[in-house]
Amino acid sequence: ASGNSNGDKIVIGYFPNINHVAGMVAEEKELYEKTLPDGTEVEYKYFPDGSAFMTALETGEIQGGLVGPGPAMNHYMSGAEINIVAAGSTGGTVIMARNGSGIDSPEQLKNTTFASPRVGCTHDVQFEALMMREYGLKSDRLKGEMKHVTGKPATYSQLFASKRIDVATVPEPWASKIEEEGHGKVLIDTDEVAFGETLPAAVFVTSKELVENDSELVQNMVDAHKEATTFIQDNPEEAKEIAANKIKDITDQELSKSVIDSSWERIDFTYNVKLEDLQSFANASYELEFLKEKPDLKGLVDTTFIEE
Amino acid sequence: MKPSIWVKRIAFIIVLLAIWQGVYMSGYFPAIQFPPPTKVFQALVEGFADGTLVGALLASFKHLLIGLALAITLGTLIGVLLGKSRQADETAGMYLIAMQSIPSIVWVPLAIMLIGLNETAVIFVVVLGGTFVMALNVRTAIHSVPPEFIKAARTMGAKGLPLFFKVEVPASLPYYMSGIRLAWAFSWRALMAGELLSNGPGLGYSLRFAMDFAQMELVIGIIIIVGVIGSVVDQLVFSKLEKKVMRRWGLLK
Amino acid sequence: MKPSIWVKRIAFIIVLLAIWQGVYMSGYFPAIQFPPPTKVFQALVEGFADGTLVGALLASFKHLLIGLALAITLGTLIGVLLGKSRQADETAGMYLIAMQSIPSIVWVPLAIMLIGLNETAVIFVVVLGGTFVMALNVRTAIHSVPPEFIKAARTMGAKGLPLFFKVEVPASLPYYMSGIRLAWAFSWRALMAGELLSNGPGLGYSLRFAMDFAQMELVIGIIIIVGVIGSVVDQLVFSKLEKKVMRRWGLLK
Amino acid sequence: MFLQMNEVAKRFADHEVFSGINVSIEKNQFVSILGPSGCGKSTLLSMVAGLEDVTEGTLRLGGEKILHPGTDRGMVFQQPALFPWLTVKDNVTFPLKADHSKREKEQIAANYLKMVHLTRFKDAYPHELSGGMQQRVAIARALAMDPKVLLMDEPFGALDEQTRHILHDELMKIFEETKKTILFVTHSIQEAIKLSDRVIVMGTRPGKIIADFPIDIARPRERDDTKVIEMEKKIMELLEDEIKKVMKEELDYETKHLG
Amino acid sequence: MFLQMNEVAKRFADHEVFSGINVSIEKNQFVSILGPSGCGKSTLLSMVAGLEDVTEGTLRLGGEKILHPGTDRGMVFQQPALFPWLTVKDNVTFPLKADHSKREKEQIAANYLKMVHLTRFKDAYPHELSGGMQQRVAIARALAMDPKVLLMDEPFGALDEQTRHILHDELMKIFEETKKTILFVTHSIQEAIKLSDRVIVMGTRPGKIIADFPIDIARPRERDDTKVIEMEKKIMELLEDEIKKVMKEELDYETKHLG
Ligand SMILES: Nc1ncnc2c1ncn2[C@@H]1O[C@H](COP(=O)(O)OP(=O)(O)OP(=O)(O)O)[C@@H](O)[C@H]1O
Ligand SMILES: Nc1ncnc2c1ncn2[C@@H]1O[C@H](COP(=O)(O)OP(=O)(O)OP(=O)(O)O)[C@@H](O)[C@H]1O
Ligand SMILES: [Mg+2]
Ligand SMILES: [Mg+2]
């Protein structure tokens with residue numbers, strides 16, 4: 001139940017998802033091995049969802065890694081002793097409508113069915129916040145007019161094809177993939193989704209205990225992460241190739257060059273993170289009743305490591 | 001039951017709670033991972049007060065009732081077919097056992113992909129969970145009708161459908177009741193599996209949601225609810241019914 | 001078994017496959033949702049060829065063996081305690097039934113949050129799945145030792161531990177075997193539940209993974225594997241063992 | 001003749017149970033069948049009941065060929081085979097056709113339950129009765145459909161000696177009151193002699209009739225009547241050979257199978 | 001006296017089974033106990049076996065007070081209670097102490113199995129034997145520990161008449177060969193008279209001894225021996241009153257409970 005602070009093994013977690021390219025690049029280029037003390041063994045774990053990642057962090061199975069801000073915040077609100085020490089990337093959430101659904105503006109979403117990866121996940125909040133604030137539409141969870149189902153983004157093509165859903169809030173690269181396969185089209189693009197450009201789509205999280213007791217280790221991890229992010233910015237083509245290969249390795253999913261290119265357009269790779277962005281996202285989460293108490297994220301974000 | 005037994009049982013619970021509180025206070029586990037009994041109790045009270053748990057319970061009962069009713073009906077039909085027709089039994093009987101040995105959770109992905117992530121999928125899983133065990137028990141029930149009952153009835157001129165409904169059906173009731181009890185137990189398990197992977201509403205979904213939001217006290221609280229409902233329904237409804245029939249049928253003293 | 005039975009059984013499978021292929025070809029369901037048998041077969045072949053399914057199977061067997069061994073050991077200890085001590089039975093017996101009526105999938109969130117998202121959590125769930133049913137059966141096994149065996153042994157001078165090990169233990173073996181078979185069945189169900197919600201490796205995880213990535217043919221393929229393993233192990237190992245003991249003990253003709 | 005067996009034979013797939021059975025039974029005769037285990041007594045009775053097919057020969061009751069079970073033949077088994085879900089009264093009225101009115105049914109049940117001294121238990125369930133009482137209900141049930149023949153297959157075999165004595169007396173009274181024809185299978189030589197007008201002794205391997213004695217002793221028959229004792233001895237000797245034959249075969253069989 | 005019961009009484013929590021039992025049994029005597037169901041025959045036998053506590057009075061065997069079960073008393077029940085997981089031979093050697101060598105055990109088993117004519121079945125399992133054969137193994141097992149007293153509680157009650165006759169003869173032979181003292185509980189008056197040197201008749205409500213007859217008839221005893229028949233009648237009359245008492249109570253009881 002505690003971080004592996006001065007052992008010689010470090011486990012980093014991330015998702016096989018285009019917002020987590022920094023993790024993939026770091027793994028491929030062995031960046032953690034470089035910044036961490038010599039002889040430290042670095043291992044990587046891939047997670048099916050953010051909640052699983054957070055649990056692993058809390059039980060000490062991983063020491064840090066990339067996760068969506070939703071799960072990080074939810075767990076923090078429930079009392080998890082964690083810190084966000086950097087961002088992974090921003091953007092990448094797209095609202096898509098089924099081809100042939102006849103929907104071409106958000107006003108038409110009344111009495112439709114939408115899908116998100118999980119109830120209350122980052123993409124869900126982004127979509128629902130936008131709909132509530134701009135169009136006055138809510139999900140059935142809040143006795144509203146839109147039916148909500150959940151499912152993995154990889155299955156959205158299928159859900160569109162079988163007309164089970166009309167709309168989906170989709171993270172990249174699945175948005176581009178669905179577009180390419182022709183089952184759905186973009187309804188609201190990244191920059192128009194709530195918090196679309198400012199909100200980190202992935203954040204680098206570690207345990208508070210490590211931050212307090214082994215800041216050197218945290219610094220080393222953040223340094224590696226920063227290096228990876230810089231690498232992506234400087235060598236986008238190589239980073240794309242690494243991402244495509246890693247995703248193929250981990251998930252057995254083949255992403256075409258055009259899908260990767262298109263996803264890349266919607267994502268901004270940066271490690272800068274601001275508490276205010278997260279706080280306003282958390283407020284939306286509260287307004288949508290995912291959180292029972294008014295959130296106060298003070299103490300969640302620690303930017304000292306990126307400023308080093 | 002003697003009152004002393006209840007004293008022991010309650011003492012046992014109190015000791016358990018005390019140990020739990022003790023471990024919590026020792027601080028060995030972080031609080032987010034290991035909440036104290038008081039917090040669990042509080043979470044339950046809140047859940048019931050704000051109606052979320054009540055709604056979840058109602059939804060779960062709805063799924064269970066519909067699913068179980070369908071499972072019992074379907075299971076009875078399949079069981080009677082296999083029990084009465086040797087042809088059918090030899091052809092399909094083996095596969096029934098195979099189907100029964102598939103954990104119901106395994107059906108969930110199939111249900112979700114075929115039917116969609118909605119309540120119908122949950123009910124579908126509940127039906128699958130109960131049907132096969134019901135069918136197997138109905139088949140056994142029919143096979144285990146004491147042949148002397150049938151012989152005796154035949155000497156009294158009964159045959160065909162009247163023989164089936166007036167003798168075989170009542171004679172197989174004890175096994176049939178066991179079948180219903182097992183169908184309930186498996187449907188109940190399937191219900192939790194289906195709901196846990198669904199997107200609500202339902203008790204299983206609330207459990208999943210609590211887990212996703214790291215509300216450990218609610219997780220434990222819901223597990224307690226599930227245990228209490230499971231054992232109360234089993235003991236007070238199905239076991240009792242089964243024993244009553246068994247006693248009347250002279251199979252139990 | 002008569003060969004004609006196998007002919008019927010195989011014919012049944014072939015008819016089922018034909019219907020499946022027919023529905024596929026009718027185009028009623030989109031292909032992405034409803035793969036034909038050929039694609040399922042292909043997915044299985046590929047899975048075995050590239051070793052992913054082999055790895056998953058081995059991991060699942062590892063979890064099951066460790067978990068079941070622990071469940072049988074623990075269940076036996078608890079069962080003997082409750083079976084021999086009236087005090088213990090009156091105090092804790094009721095809770096054992098309550099624990100048994102909790103679907104094992106419900107333990108998964110607790111296990112993950114307490115132990116972490118690793119193989120230990122899966123094994124923990126498997127252990128919980130099998131222990132209670134094992135304990136209940138061992139308790140029943142001890143209670144149902146025919147009293148005439150004990151009386152007879154006592155008149156022959158046996159008492160205390162020798163009486164327990166030389167008479168009660170062998171006399172309760174048939175129930176004990178039923179306990180093991182049920183423990184296996186429930187552990188197997190718990191294994192799937194645990195793996196499905198875990199982070200791999202294992203058959204349940206592979207199923208989840210296939211579902212998450214909409215590989216419908218693999219989902220169906222894995223369900224078939226699970227069904228085949230479940231029924232084969234049950235029929236060829238546990239049922240056979242149980243029947244063998246029952247026959248020797250004169251409880252079955 | 002009332003019940004007529006003519007060259008009757010029975011074969012199951014692989015072996016012949018008996019053949020060449022010729023028996024004529026008069027109306028209101030009490031006939032017992034004795035014989036070693038496995039000689040086919042139950043099989044023969046089942047054939048008369050219509051529960052088993054006749055392989056060869058014919059069975060006639062009142063001139064008509066027996067092909068199916070029918071309400072003209074009531075049967076009582078070693079196990080009472082009462083339906084546990086019905087009360088004693090409903091068990092007794094079970095064989096009555098739907099064309100009886102409810103009152104008629106009540107009447108008939110009351111009548112026969114009185115005959116077996118169980119009036120007080122009409123609303124009890126079978127599991128609440130002792131074995132002997134259950135067997136009395138089974139007899140009442142068989143009588144309720146007013147059959148011409150009562151077939152009884154070791155009806156008292158599972159009861160203890162004292163209960164058996166009591167039921168013997170009851171059965172004798174019923175036999176005299178109702179004037180039924182009774183075909184009674186038993187293992188007990190004493191029982192057969194005590195009750196019957198006639199004792200048929202069957203032998204085995206292959207099954208056949210080896211003796212047929214009329215019992216011309218005034219009823220009630222006392223255990224110490226010299227005629228009874230003499231008859232007992234005669235039948236005992238006859239059976240002993242048959243039983244030894246079976247025992248020997250069994251030992252051989254079991255030895256073979258246990259190697 | 002060899003086996004001595006002195007003012008023995010037995011009470012279970014709520015009711016007294018019997019009291020004031022005084023019996024003295026000599027070595028190598030065959031004593032039968034007869035009595036209506038529930039009078040406490042089995043309870044008395046269990047007390048001699050040491051399986052049940054004595055509430056009042058004392059039981060002595062060869063002068064020593066009986067407090068626990070011991071290998072000086074072998075018991076045979078109505079159910080053979082053979083251990084199904086052991087072969088016939090291993091069942092017979094079960095009561096033998098570990099200080100017997102393997103060869104000795106084999107020898108003893110062979111000896112007693114020969115006595116009950118089951119040598120050929122020594123490697124069989126109980127479920128492969130008929131009921132009569134199983135009961136013979138149970139007798140061999142009780143004899144194997146060479147007890148001073150053999151206690152038998154309706155040992156042939158579950159067997160059919162013919163098998164019972166055969167086992168009577170075997171038991172008589174064993175009794176003569178081994179010179180055991182035998183205490184034998186039965187429901188059958190005939191059986192008691194056929195086998196015993198002495199018949200004790202128990203009554204009920206409350207349990208007590210109501211008669212104690214020596215049977216001075218030369219063995220083997222024939223069923224038609226006038227002395228046998230006379231004795232049978234005498235005991236039958238004695239028992240009938242007792243049985244009627246029980247029957248009446250039972251009827252009352254059942255009527256009350258079925259209201
Ligand atoms: N359905 C059957 N199929 C094959 N063989 C049978 C069947 N029923 C009876 N038998 C055989 O027929 C023979 C006669 O059986 P039956 O039960 O009539 O004997 P029984 O004289 O009534 O014996 P018991 O005195 O033990 O009741 C036996 O060898 C039995 O194994
Ligand atoms: N363990 C016990 N607890 C309470 N009462 C008992 C117990 N064992 C026997 N009894 C009662 O003691 C009485 C005598 O029982 P017992 O079995 O000795 O009778 P029995 O003469 O052997 O009868 P049967 O001829 O039916 O075998 C009965 O009324 C019985 O209910
Ligand atoms: Mg018979
Ligand atoms: Mg007794």
Side-chain angles (χ1 to χ4, degrees), chain C residues 72 76 79-80 83-84 86-87 90 137-181 238-253, chain E residues 42-43 45-52 66 68-87 90-99 124-131 134-135 137-147 149-155 158:
Chain C
I72 291 176
T76 303
V80 168
K84 295 297 286 181
R86 200 196 164 82
Q87 284 295 333
E90 287 180 351
N137 266 271
V138 170
R139 185 178 71 150
T140 312
I142 288 181
H143 283 165
S144 61
V145 170
E148 62 257 30
F149 284 175
I150 295 183
K151 270 199 208 166
R154 284 181 61 211
T155 64
M156 294 183 275
K159 61 186 170 191
L161 280 185
L163 179 66
F164 181 69
F165 284 107
K166 285 178 73 183
V167 178
E168 291 187 76
V169 168
S172 54
L173 205 60
Y175 271 94
Y176 192 79
M177 296 313 294
S178 308
I180 288 184
R181 188 165 69 87
F238 293 101
S239 247
K240 232 180 189 159
L241 218 63
E242 193 187 353
K243 285 210 179 110
K244 201 172 161 179
V245 170
M246 300 262 289
R247 199 165 293 124
R248 162 69 60 84
W249 262 236
L251 299 170
L252 207 79
K253 264 156 286 158
Chain E
S42 299
T43 305
L45 218 64
S46 293
M47 284 159 77
V48 176
L51 293 173
E52 289 276 5
I66 293 175
H68 307 289
T71 49
D72 50 349
R73 286 147 288 148
M75 186 145 176
V76 178
F77 304 86
Q78 179 164 0
Q79 296 308 321
L82 300 180
F83 302 130
W85 57 92
L86 297 177
T87 59
D90 292 341
N91 262 290
V92 173
T93 57
F94 182 92
L96 299 179
K97 293 256 161 58
D99 50 337
Y125 282 93
H127 72 98
E128 297 169 313
L129 307 183
S130 69
Q134 290 186 17
Q135 202 54 285
V137 178
I139 294 172
R141 182 175 65 173
L143 291 173
M145 51 187 186
D146 196 19
V149 184
L150 197 55
L151 307 167
M152 307 184 90
D153 190 357
E154 302 188 44

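Just so we're on the same page: letters track the sequence lines, and every chain starts at 1.
- For C:Arg248, the salt bridge (charged side-chain N to carboxylate O under 4.0 Å, His left out) test picks out no residue, with sequence neighbours left out.
- Ranked by heavy-atom pairs shorter than 4.5 Å toward chain C, the options E:His127, E:Lys97, E:His68, E:Gln79 are led by E:His127.
- Residues forming a side chain to side chain contact (heavy atoms under 4.5 Å, CB included) with E:Thr87 (at least two apart in sequence, or on another chain): E:Lys89, E:Asp90, E:Tyr125.
- Checked options E:Met75, E:Arg73, E:Arg141; the residue passing with C:Met156 is E:Arg141 (criterion: side-chain contact (heavy atoms from CB on, under 4.5 Å)).
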Cut-off 3.5 Å, no hydrogens considered: what does the side-chain donor-acceptor table look like for residues 167-175 of chain C, sequence neighbours left out?
{"from": "C:Glu168", "atom 1": "OE1", "to": "C:Lys84", "atom 2": "NZ", "distance (Å)": "3.0"}
{"from": "C:Glu168", "atom 1": "OE2", "to": "C:Lys84", "atom 2": "NZ", "distance (Å)": "2.8"}
{"from": "C:Ser172", "atom 1": "OG", "to": "C:Glu168", "atom 2": "O", "distance (Å)": "2.8"}
{"from": "C:Ser172", "atom 1": "OG", "to": "C:Val169", "atom 2": "O", "distance (Å)": "3.1"}

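- Residue contact with chain C, scored on non-hydrogen atoms closer than 4.5 Å, involves the backbone of E:Leu82 exclusively.
- Taking non-hydrogen atoms and a 4.5 Å limit, the residue list of residues 139-151 of chain C in contact with chain E, ordered by number, reads C:Glu148, C:Phe149, C:Lys151.
- Nearest heavy-atom pair, C:Ala152 versus E:Phe77, reported as atom, atom and distance to 0.1 Å: CA-CE1, 3.8 Å.
- Taking each heavy atom of E:Ala49 and C:Thr155 in turn, the nearest pair found is CB-CG2, 4.3 Å.
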Fill in: Worked check of side-chain contact (heavy atoms from CB on, under 4.5 Å) between C:Lys166 and E:Phe94
CA-CA 9 Å; C:Lys166 285 178 73 183; E:Phe94 182 92; 4.1 Å; yes

